[in-house]
Amino acid sequence: MAEKPSVPKGTRDFTPEEMLRRNYIFNTIRTVFERYAYVPIETPAMEKLSTLLGKYGDEGDKLLFKVLNSGDYLKKVQDNELAERNPNALVSKISEKGLRYDLTVPFARFVVQHQNELTFPFKRYQIQPVWRADRPQKGRYREFYQCDVDVIGSDSLLNEFELVQIIDEVFTLLNVPVIIKINNRKILLGIAESMGLESQFMNITVAIDKLDKIGEEKVVEELCGFYIDESKAKALLEFFTANGDFISKLQLLKTRLSNSESGQKGIAEIERLWDYFSAANFNAEIELDLSLARGLNYYTGAIFEVKARDVQIGSICGGGRYDDLTGIFGLEDMSGVGVSFGADRIYDVLLQSDRFPEAEMKQSDVLFINFGEKEEAYCLPILADLRKLDLRAEIYPDAAKMKKQMKYADKKQIPWVIMVGEEEMNSGKLKLKNMQSGEEALLTRQEILEKFK
RNA sequence: GUGGAUGUAGCUCAGUAGGUUAGAGCACUGGAUUGUGGUUCCAGGGGUCGUGGGUUCAAAUCCCAUCUUCCACCCCA
């Protein structure tokens, strides 16, 4: 018995209904990106493993999908190596390509590779799927789309501001209330420095990132696990649990981080950014969240994360500044900053909060009922006219029972049906039916074209 | 990667102290209504119970393995 066909774990098919909704999201995002003069690029699904490995930390490396070499992929492997069964040693011999894990690293590669053809600052957007060998859960897939906007080759904070404007504009258009959290890696580094803990910086960021999830006590426990004194761990927490508005948090940082050069820089950056924000008119709520760290270790300056206010689903957009992403590929002094919209999660948010505009989710605008050959010939030119008006118009391909054709229109939620039988052909008036109200009207060809203009 | 749950018709689910032809609702097809959908009524099609082994006279039901989906951790969009 044939097994029921299915797709691999963590991947999905998209039906026409889902695609209409997804395209609504993609189109909205793309429109905003282009409005801010970002240009599109695409990169291959596969990159060389040498491009991908080591850019996302050890955890990230594990989550890379590796592509087996073609042909005899075992030809470089010795028998004794096979017997040792050491996967890490073997992987470099049987695989040299991997599926992209995000769009930022391929973008860095792209910039270095095409540096002489590009005009800097280079502002690009990229909407493509990425793959992670994560264990799937709700809102978490092995194949999902990212919508990235980055600007590279400028360290102006105006770029950060512009990205926040883009975030605000996208979610305003999508009608999703969000909270934009911002922080700065330099401030985090400054906090670590001020306590002589800079060597533990990475561990600290990972631990405090969990603050809202596991609570203060557990975070202290975790910090102590990294050989940090309990007193210092508690002192660290004082920063991250600080309440109050932007000004009061900033004041706390200013007094405590006076001895940290990095901290001072971070404070200056965040202050400047806040000036931009104050002059702007945002719908989103913006919050300085000192416990925001973000896992990816290439971020060096401002970091962002966006959460939906009324749907619980993790972050739906995130990003930050990376001062040296292209350095690994041999191009120094190329500061960049960017954010990534998680289209799949935004989809889930819109669906759960019922925010898809149903009017835009129609598959077809007009259906001609097919009564037979003569009537068909009569309708085809009118159908063509309607299509010229940019309407999505169709004729039922068979002279099937009327009931069946009407049912088709109903299923596809086609708002208008045009019926032309013998009577209509003789009188020269077509019957136009409004499927929602059920009203019918007899109109000439001209009148119908006028109506849909 | 670690731990836990799950899987019966296209969908949502009933059904086990192991025992004839496995059920419902929705969906689908046809009819009532031969030029009218969304409501109603009637009839019908569709499942070797995720897959592969095992125990048993007998397995949807018990055991093992495997895959899927979901949850927590890890990490993250």
Side-chain angles (χ1 to χ4, degrees), chain A residues 1-13 15 25 29 56-64 87-88 100-104 127-148 202 205-207 209-210 213-214 218 222 292-297 304-308 313-319 338-349 367-372 375 396 399-425 430-440:
Chain A
M1 173 83 183
E3 208 173 310
K4 248 181 219 169
S6 61
V7 295
K9 187 199 280 239
T11 65
R12 300 151 295 161
D13 287 326
T15 62
I25 295 172
I29 290 174
Y56 309 104
D58 290 344
E59 284 299 327
D61 285 354
K62 279 187 211 157
L63 298 180
L64 283 175
N88 291 331
R100 69 167 102 78
Y101 178 91
D102 69 2
L103 300 178
T104 306
I127 298 177
Q128 289 190 275
V130 303
W131 294 268
R132 296 183 188 176
D134 213 350
R135 197 175 276 201
Q137 281 180 32
K138 204 181 210 90
R140 185 174 219 185
Y141 310 99
R142 288 186 152 187
E143 176 185 64
F144 60 96
Y145 273 73
Q146 289 194 332
C147 312
D148 273 33
M202 279 309 301
T205 58
V206 171
D209 207 36
K210 300 178 195 165
K213 219 173 183 180
I214 62 178
K218 296 264 181 185
E222 192 149 324
L292 175 64
R294 297 195 58 80
L296 294 177
N297 55 21
F304 314 99
E305 194 160 288
V306 181
K307 292 202 161 186
I313 192 162
S315 78
I316 52 179
C317 176
V339 295
S340 176
F341 291 78
D344 301 85
R345 285 193 179 170
I346 294 171
Y347 179 96
D348 289 344
V349 168
L367 173 75
F368 282 81
I369 298 293
N370 190 328
F371 284 91
E375 292 87 345
Y396 198 87
K401 281 186 187 162
M402 181 118 175
K403 184 182 169 109
K404 187 165 183 172
Q405 301 192 42
M406 291 302 288
K407 223 168 188 165
Y408 174 84
D410 191 50
K411 277 265 161 58
K412 283 184 72 175
Q413 297 186 52
I414 303 174
W416 300 99
V417 166
I418 296 179
M419 284 168 270
V420 184
E422 234 182 296
E423 279 174 43
E424 286 82 4
M425 277 169 55
L430 323 183
K431 190 179 273 182
L432 176 71
K433 175 164 179 147
N434 177 330
M435 288 297 279
Q436 208 174 357
S437 66
E439 280 173 52
E440 296 180 355

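On a predicted model such as this, the values are computed, not experimentally measured, just so you know. By convention in this document, chain letters (A, B, ...) are assigned in the order of the sequence lines, proteins followed by strands, and residues within each chain are numbered from 1.
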- Task: Please give the nucleotide sitting opposite B:rU29 as a Watson-Crick or G-U wobble pair, both distances under 3.5 Å, or none.
- Result: B:rA43
- Query: OP1, OP2 of B:rU68 versus side-chain N and O of A:K9: anything below 4.0 Å?
  - Reply: yes
- Listed partners of A:P129 passing side-chain contact (heavy atoms from CB on, under 4.5 Å), at least two apart: A:R100, A:W131, A:E143, A:Y145
- Message: Between B:rA22 and B:rU51, how many Å separate the two P atoms, rounded to a whole number?
- Response: 16 Å
- Item | Whole-Å gap separating P (B:rC76) and CG (A:D102) | 11 Å
- Item | Check: A:N370 main-chain N/O paired with A:Q405 side-chain donor or acceptor under 3.5 Å | yes
- Task: Check every strand shown and say whether A:G10 touches a base, only sugar-phosphate, or nothing at a heavy-atom separation below 4.0 Å.
- Result: sugar-phosphate
- Item | Any strand: nucleotide that pairs with B:rG1 via Watson-Crick or wobble, under 3.5 Å | B:rC73
- Message: Any base atoms under 4.0 Å from A:Q137, or only sugar-phosphate, or nothing? Heavy atoms, all strands.
- Response: base
- Query: Using purine N1 to pyrimidine N3 plus N6-O4 or O6-N4 for Watson-Crick, or N1-O2 and O6-N3 for G-U wobble, both under 3.5 Å, which nucleotide pairs with B:rU68?
  - Reply: none
- When you compare B:rC49 with B:rA60, how far apart are their P atoms, in angstrom units rounded to a whole number? 6 Å
- Message: Please pick, from B:rG35, B:rG37, B:rG31, the nucleotide with the shortest atom-to-atom distance to any side-chain atom of A:K401.
- Response: B:rG31
- Expressed as a whole number of Å, how far does the C1' atom of B:rC64 sit from that of B:rG25? 36 Å
- Item | Nearest-Å distance for atom pair CD/C1', residues A:E423 and B:rU36 | 13 Å
- Message: Between B:rA77 and A:Y145, is there a base-stacking contact, meaning the centre of the base's six-membered ring lies under 5.5 Å from the residue's ring centre while the planes stay under 30° apart?
- Response: no
- Rounded C1' spacing from B:rA43 to B:rU6 in Å: 36 Å
- P gap between B:rG50 and B:rU61, integer Å: 8 Å
- Take atom C1' in B:rU68 and the same atom in B:rU56, then report the distance between them in whole Å. 29 Å
- Query: Is the base of B:rC73 touched by the side chain of A:R135 through a donor-acceptor pair closer than 3.5 angstrom?
  - Reply: no
- Message: Using only atom types and a distance under 3.5 Å, with no angle test, would you say the side chain of A:R345 pairs donor to acceptor with the backbone of A:I316?
- Response: no
- Query: Is it true that A:R12 and A:D344 have a side-chain N and a carboxylate O under 4.0 angstrom from each other?
  - Reply: yes
- Message: Please pick, from B:rA77, B:rU36, B:rC28, the nucleotide with the shortest atom-to-atom distance to any side-chain atom of A:K411.
- Response: B:rC28
- NA contact type, A:G438, heavy-atom cut-off 4.0 Å: base, sugar-phosphate, or nothing? base
- Query: Could you state the NZ-C1' distance from A:K407 to B:rU40, rounded to the nearest angstrom?
  - Reply: 12 Å
- Task: Find out whether A:D13 and A:V7 are in side-chain contact, i.e. whether some heavy atom of one side chain is under 4.5 Å from a heavy atom of the other.
- Result: yes
- Can you tell me how far C1' of B:rG35 sits from CD1 of A:I369, to the nearest Å? 9 Å
- Task: Indicate yes or no for a side-chain donor-acceptor contact from A:R142 to the backbone of A:D134 under 3.5 Å, with no hydrogens or angles considered.
- Result: yes
- Flag the pair A:Y396 / A:F368 as yes when their ring centroid distance falls below 6.0 Å, and as no otherwise. no
- Query: Please give, in whole Å, the distance from B:rU36 P to A:K412 NZ?
  - Reply: 22 Å
- What does B:rC62 pair with, Watson-Crick or G-U, if both distances are under 3.5 Å? B:rG54
- Message: Distance criterion of 3.5 Å, no angle test: do you see the side chain of A:K433 paired donor-to-acceptor with the base of B:rU36?
- Response: yes
- Item | Paired nucleotide for B:rA24 [Watson-Crick or G-U wobble; both distances under 3.5 Å] | B:rU12
- Message: Measuring from the side chain of A:M435 (C-beta onward, heavy atoms only), which nucleotide among B:rC70, B:rA77, B:rG37 has the closest atom?
- Response: B:rG37
- Task: Grab the CG-P distance between A:D61 and B:rC76 for me, whole Å please.
- Result: 13 Å
- What distance, rounded to whole Å, do you find between the two C1' atoms, one in B:rU16 and one in B:rG1? 36 Å
- Taking N and O atoms by type only, does the side chain of A:Q405 place a donor or acceptor under 3.5 Å from a partner on the base of B:rG35? no
- How would you label the contact of A:Y141 with the nucleic acid (heavy atoms, under 4.0 Å): base, sugar-phosphate, or nothing? base
- Query: When you check the side-chain N and O atoms of A:S340 and A:D102, is any donor under 3.5 Å from an acceptor?
  - Reply: no
- Note on the structure: Taking B:rG30, B:rG37, B:rG35 as options, the one with an atom nearest any side-chain atom of A:F371 is B:rG35
- Query: Between A:P136 and A:S315, who's closer to the 5' end of RNA chain B by nearest nucleotide?
  - Reply: A:P136
- Message: Looking at A:K431 and B:rU36, is any side-chain donor or acceptor paired with a base atom of the opposite kind under 3.5 Å?
- Response: yes
- Query: For the pair made of CG in A:D134 and P in B:rG1, what is the distance, rounded to whole Å?
  - Reply: 11 Å
- Query: Hey, does A:E143 reach any base, or is it just sugar-phosphate, or nothing, if we go heavy atoms under 4.0 Å?
  - Reply: nothing
- Query: Reckon A:S340 touches a base, only the sugar-phosphate, or nothing at all at heavy-atom distances under 4.0 Å?
  - Reply: nothing
- Query: Roughly how far apart, to the nearest Å, are B:rG15 and B:rG53 at atom C1'?
  - Reply: 25 Å
- Query: Side-chain donor or acceptor of A:D410 under 3.5 Å from a matching atom on the base of B:rG38?
  - Reply: no
- Note on the structure: Whole-Å distance, A:L103 CG to B:rC76 C1', equals 15 Å
